[in-house]
Amino acid sequence: MSVWFLPLLIVGTTIVLSIPVGLYLAWIMDGRYRTPGWLRWLEQRLDIGGQNWKQYALSLLLFNTVMFVFGFIVLAVQPAAPLNPDDKGMLAPTTIFHTVTSFLTNTNLQHYSGEVHLSYWSQIVFVVWNMFVSAAVGFCALAAITRGLRGDEHLGNYYLDMWRVVAYVFVPASLIAGVLLMAAGVPMTFDKAAEVSTLEPKAMGETDKGESKPQVIARGPVAAVLPIKHFGTNGGGFFGANSAHPFENPNAWSNYFECVSILIFPFSLVVMFGRMLKQMRHAAVIYGVMLVMFLGMIGWAVHFDTRQPNPALTAHAERTKDRDGVDVASLPALPVDQTGMGNLEGKELRFGTSAGATFSAVTTAVTCGSVNCMHDSLNPLAGLTPFTGMWLNCVFGGKGVGLINLFVYLIVGVFLAGLMVGRTPEYLGKKVEAREMKLAMLALLIHPILILGPTGLFAALQWGKEATTNPGPHGFSQILYEFSSASANNGSGFEGLSDTWGFNDTQPAPSNTRPWDIATGLVMLLGRFIPILAPLALAGSLAAKKRTPFTSGTLRTDTITFGFVILGTILLVGALLFMPAAVLGPVAEHLGPLPFGQ
């Protein structure tokens with residue numbers, strides 16, 4: 001029971017908090033609050049009037065274009081900028097492109113190590129700023145789509161929505177969380193890296209003069225980054241080790257708090273959706289479907305990783321491989337006691353035995369990307385959990401975008417149900433016709449195309465072969481995970497890939513890093529904006545239609561039956577799209593040669 005206590009506590013806490021938070025979000029996004037005069041004046045300047053879906057989408061794209069240029073400049077001037085006490089140099093050009101694209105799209109896929117390559121200037125002005133505004137983009141898009149579904153004349157105003165999310169949601173939550181994390185031991189300083197003498201002389205080496213080198217301990221304004229890193233489901237770590245680093249995640253309490261921080265807004269947005277639509281029973285069905293899938297992900301990860309030992313550390317008897325007749329010698333077990341502990345490789349046990357597997361499910365269900373264990377070290381079948389979260393991309397998902405993705409599955413499910421009963425499909429009283437289905441299929445199919453296409457290309461070329469550090473199915477899984485993370489805007493890494501260039505003066509430049517920077521950067525951009533713009537157009541199309549009268553043949557969207565329709569559509573379509581890739585990667589590794597094969 002002990003291994004299940006942490007995941008149940010995290011999920012239970014989030015469910016309880018999501019109801020009042022969701023109601024608060026609806027109150028904010030519907031503009032039912034009152035502000036002081038100076039804030040009201042600022043909002044009036046931002047509110048340039050109601051926008052249809054095309055105007056809203058154009059504003060969204062213009063805003064993100066400006067942010068791309070701003071981010072590129074901030075990183076490019078890092079060597080000359082202030083707040084650089086450790087004299088960080090300039091990043092390589094393709095690394096800058098990749099990093100700017102990554103944080104612009106709320107992905108935070110890092111082809112660099114934060115404490116090594118970024119100054120405090122870049123961490124605050126670039127990273128934190130992008131974490132706030134990129135997280136708000138999906139939030140704003142969901143609010144606009146919700147207004148379209150309820151039949152509003154306009155979808156709102158993008159700039160006003162952005163202000164509401166950042167000023168009234170993310171900033172207050174981040175200030176409170178920052179104080180709590182500092183109390184737990186997370187540093188907040190602009191001092192340079194600390195240099196300390198080691199107890200053992202010359203443990204860190206010696207200088208040319210024969211003197212002992214000090215140990216250099218990286219630090220910085222970590223507490224300013226961490227709250228929005230999780231509330232915004234961003235995931236980019238201040239340190240390369242991310243939330244496995246003791247300065248980002250000091251103890252078991254901070255680990256629990258960070259998991260709840262990751263989940264709270266994706267859960268609450270479903271409540272907000274129902275409240276704004278005045279369809280709380282419909283929202284409850286969606287919430288239930290997402291929760292079932294999420295619990296399944298956690299259960300699968302914990303069972304196959306925390307409750308199963310790592311076969312590489314256990315003894316193997318002598319046997320003969322039937323398919324080729326090769327004798328396999330017996331292998332002794334390594335001196336690691338895994339009794340009741342499961343797979344220990346790549347884990348931080350100070351958080352608890354099931355914390356790594358639980359975090360892997362949490363961070364990939366909601367496209368966060370923050371990690372507290374090495375996903376590359378998960379048992380092969382447990383590794384299917386983060387893959388599944390990113391492939392489906394609607395198990396609560398990132399704030400706003402996850403529910404938008406589920407909205408696409410809703411349209412597909414309604415269409416299939418309408419075909420089965422011989423009626424024109426309807427959703428919330430609006431007919432779903434050819435235009436809506438084309439937009440839904442565009443949003444649905446772009447995701448597997450962006451994952452499977454580049455994965456196959458890189459697996460066949462030297463770009464992939466030179467970057468992978470493991471042969472066979474595991475190496476394929478490393479490539480597949482990188483593009484899955486990029487397309488889903490998740491940002492976590494299976495790791496093991498040699499895809500980091502680093503500073504621009506690193507010469508010669510690693511030969512295989514440029515293709516990875518450029519390819520994953522393009523995948524992130526397309527995987528971010530097409531699945532947002534197509535549903536926006538879909539909602540705009542539905543908003544322009546008249547409501548049809550409710551009859552006895554109308555498919556109700558607030559019943560358990562409809563919940564099974566949604567769940568079946570998601571699992572069926574997801575399996576058809578990604579099962580072959582799963583078999584070539586994690587499943588083949590589980591069934592293949594030692595240490596996992598039988």
Side-chain angles (χ1 to χ4, degrees), residues 21-35 39-67 106 132-171 232 265-266 268-279 282-283 397-408 410 427-430 436 439 443 528-529 531-545 547:
V21 173
L23 297 177
Y24 171 77
L25 296 178
W27 182 66
I28 290 294
M29 299 312 291
D30 272 337
R32 291 184 278 118
Y33 57 89
R34 290 188 177 183
T35 59
L39 283 178
R40 188 162 52 251
W41 178 89
L42 180 59
E43 289 188 5
Q44 288 171 350
R45 305 285 83 74
L46 292 171
D47 188 0
I48 57 176
Q51 297 175 315
N52 59 31
W53 79 264
K54 293 180 181 179
Q55 294 167 326
Y56 201 98
L58 180 60
S59 296
L60 187 152
L61 291 174
L62 286 174
F63 180 85
N64 280 273
T65 301
V66 172
M67 293 313 303
N106 196 229
F132 274 100
V133 296
S134 70
V137 169
F139 208 130
C140 296
L142 175 63
I145 288 172
T146 305
R147 296 183 188 114
L149 293 178
R150 72 184 182 188
D152 288 10
E153 182 180 358
H154 299 292
L155 302 189
N157 181 273
Y158 174 78
Y159 303 105
L160 182 58
D161 284 345
M162 173 65 68
W163 165 258
R164 287 169 173 170
V165 175
V166 173
Y168 303 138
V169 179
F170 286 150
V171 168
F265 286 121
S268 301
L269 283 170
V270 184
V271 180
M272 184 198 81
F273 178 75
R275 182 72 167 187
M276 290 180 68
L277 276 181
K278 295 182 173 58
Q279 297 264 2
H282 177 45
K399 53 301 94 278
V401 180
L403 190 49
I404 290 173
N405 292 332
L406 190 126
F407 165 61
V408 172
L410 275 172
Y427 179 60
L428 300 179
K430 304 294 183 74
E436 289 75 35
L439 291 168
R528 172 65 163 179
F529 293 108
I532 287 179
L533 298 178
L536 261 178
L538 200 163
S541 178
L542 291 176
K545 295 185 176 184
R547 291 191 180 275

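We count residues from 1, following the sequence as given. Not measured: the values here are computed from a predicted model.
- Counting only heavy atoms from C-beta outward, the side chains of Asn405 and Pro531 approach each other to under 4.5 Å.
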Test log, rule side-chain contact (heavy atoms from CB on, under 4.5 Å), inputs Arg528 and Val401:
CA-CA 9 Å; Arg528 172 65 163 179; Val401 180; 3.7 Å; yes

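- Between Arg45 and Trp163, the closest side-chain pair of non-hydrogen atoms is not below 4.5 Å.
- For the atom pair CZ (Phe63) and CG (Leu58), the distance works out to 14.0 Å, reported to the nearest 0.5 Å.
- Sorted by first then second residue, the salt bridge (charged side-chain N to carboxylate O under 4.0 Å, His left out) pairs that include residues 134-156, not counting sequence neighbours, are Asp30-Arg150, Arg147-Asp161, Arg150-Asp152.
- Nearest approach of Val133 to Met67, heavy atoms of both residues: CG2-CE, 4.4 Å.
- Using a 4.5 Å cut-off on side-chain heavy atoms (C-beta onward), Leu25 and Met276 make no contact.
- The CD atom of Gln279 sits 8.5 Å away from the CZ atom of Phe273 when rounded to the nearest 0.5 Å.
- With Tyr427 contributing its side chain and Phe407 its backbone, the two residues share no donor-acceptor pair below 3.5 Å.
- Thr35 OG1 to Arg164 CZ: the interatomic distance, rounded to the nearest 0.5 Å, is 9.5 Å.
- In this structure, CG on Leu60 lies 9.5 Å from OG1 on Thr65, to the nearest 0.5 angstrom.
- For Gln51 and Ser59, the side-chain atoms include at least one donor-acceptor pair closer than 3.5 Å.
- At distances below 3.5 Å, not a single donor-acceptor pair connects side-chain atoms of Lys545 with backbone N or O atoms of Lys430.
- In this structure, Leu155 and Leu536 have side chains that are in contact, with non-hydrogen atoms separated by less than 4.5 Å.
- At least one side-chain heavy atom of Met29 sits less than 4.5 Å from a side-chain heavy atom of Val165.
- Here CZ of Arg40 is found 9.0 Å from CZ of Arg34. Values are rounded to the nearest 0.5 Å.
- Contact detail for Tyr33 and Ile28: the closest heavy-atom pair is CE2-O, 3.3 Å.
- Within the 3.5 Å criterion, the main-chain N or O of Ala537 finds no donor-acceptor partner in the side chain of Ser541.
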* Using the ring-ring contact (aromatic ring centres under 6.0 Å, His included) rule, take Phe170 and Phe265 through it: C-alpha gap first, then chi angles, then the decisive distance, then the call. => CA-CA 10 Å; Phe170 286 150; Phe265 286 121; 5.6 Å; yes

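- For Leu23 against Arg275, the heavy-atom pair with the smallest separation is CD2-CD, 3.7 Å.
- Residues Pro535 and Val408 share a closest heavy-atom pair of CG-CG2, 3.9 Å.
- Heavy atoms only, all atoms of each residue included: Tyr159 and Leu46 are closest at CB-O, 3.8 Å.
- Here the shortest heavy-atom pairing between Ile404 and Gly138 reads CD1-O, 4.2 Å.
- No side-chain heavy atom of Val66 sits under 4.5 Å from any side-chain heavy atom of Leu62.
- Looking at heavy atoms from C-beta onward, Val137 lies out of side-chain contact with Asn106 at the 4.5 angstrom threshold.
- Taking the six-membered ring where tryptophan is involved, the planes of Tyr56 and Tyr158 are perpendicular, since the angle between them exceeds 60° and thus also 30°.
- With hydrogens and angles ignored, the 3.5 Å screen pairs a side-chain donor or acceptor of Arg547 with a backbone N or O of Leu428.
- Note: Leu149 CG to Leu142 CG = 9.0 Å, rounded to the nearest 0.5 Å.
- Taking 4.5 Å as the limit, some side-chain heavy atom of Leu61 sits within range of a side-chain heavy atom of Leu533.
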